[in-house]
Amino acid sequence: MNIFLRPASEQDFEFAFEAKRQALGPHIAARWGWDESYQLNVHRTRWSERPWSIIQSDEEAIGTVSIQEAADHIRFGEFYLLPSHQRKGIGS
């Protein structure tokens with residue numbers, strides 16, 4: 001299994017939203033309920049504000065991450081792995 005990041009493109013928007021829905025959706029739904037329209041708007045805003053990468057396993061997209069580098073810190077966020085790839089040490 002060869003795990004690497006590639007820059008996200010506009011064609012990855014829907015995959016990135018689906019990765020969020022699968023990875024984080026059950027937790028959001030349990031706490032507040034999943035509002036599709038609201039979540040899509042939040043995702044659209046964050047997609048346009050942050051640099052995104054697609055997490056690949058060989059040729060398969062398996063998740064997303066947003067990493068912003070500044071002079072004095074790195075902001076790591078929006079890290080979503082599809083459930084079928086969770087608990088395999090990828091995030092460590």
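Values below: all heavy atoms of this structure, side chains included; hydrogens, waters and symmetry mates excluded. Just so you know, these numbers come straight off a predicted model, no measurement behind them.
A distance below 6.0 Å separates the ring centres of His43 and Trp52.
Within a 6.0 Å radius of CD in Glu49, more than 12 heavy atoms belonging to other residues, nucleotides or ligands are found. The local environment of CD in Glu14 is sparse, with at most 12 non-hydrogen atoms from other residues, nucleotides or ligands closer than 6.0 Å.
Residue pairs meeting the ring-ring contact (aromatic ring centres under 6.0 Å, His included) criterion with at least one member in residues 61-92, sequence neighbours excluded, are Phe76-Phe79.
Contact between Ser9 and Trp47 at its shortest, heavy atoms only, is O-CZ2, 3.2 Å. Between Thr45 and Ser48, the closest heavy-atom pair is O-OG, 2.8 Å.
Follow the hydrophobic side-chain contacts under 4.5 Å out from Ile54 and you never reach Phe13; the two are in separate clusters. Residues Val42 and Trp34 are members of separate hydrophobic clusters, defined by side-chain heavy-atom contacts under 4.5 angstrom among Ile, Leu, Val, Met, Phe, Trp and Tyr. Residues Phe15 and Ile90 are members of separate hydrophobic clusters, defined by side-chain heavy-atom contacts under 4.5 angstrom among Ile, Leu, Val, Met, Phe, Trp and Tyr.
With sequence neighbours excluded, the residues that form a salt bridge (charged side-chain N to carboxylate O under 4.0 Å, His left out) with Arg6 are Asp12.
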Salt bridge (charged side-chain N to carboxylate O under 4.0 Å, His left out) between Glu78 and Lys20, intermediate numbers included: CA-CA 8 Å; Glu78 307 289 334; Lys20 175 185 177 177; 5.4 Å; no

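Separating the CG atom in Leu82 from the CD atom in Gln22 is a distance of 5.0 Å, to the nearest 0.5 Å. Between atom CZ of residue Phe4 and atom OG of residue Ser53 there is a gap of 11.0 Å, rounded to the nearest 0.5 Å. The distance from atom CG of Leu81 to atom CG of Leu24, rounded to the nearest 0.5 Å, is 12.0 Å.
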Atom pairs and distances, side-chain donor-acceptor, residues 58-67, under 3.5 Å, sequence neighbours left out:
unit_1 : atom_1 : unit_2 : atom_2 : d
Asp58  : OD1    : Asn2   : N      : 3.3
Ser66  : OG     : Pro51  : O      : 2.9

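Using a 4.5 Å heavy-atom threshold, the side chains of Phe17 and Glu36 count as touching.
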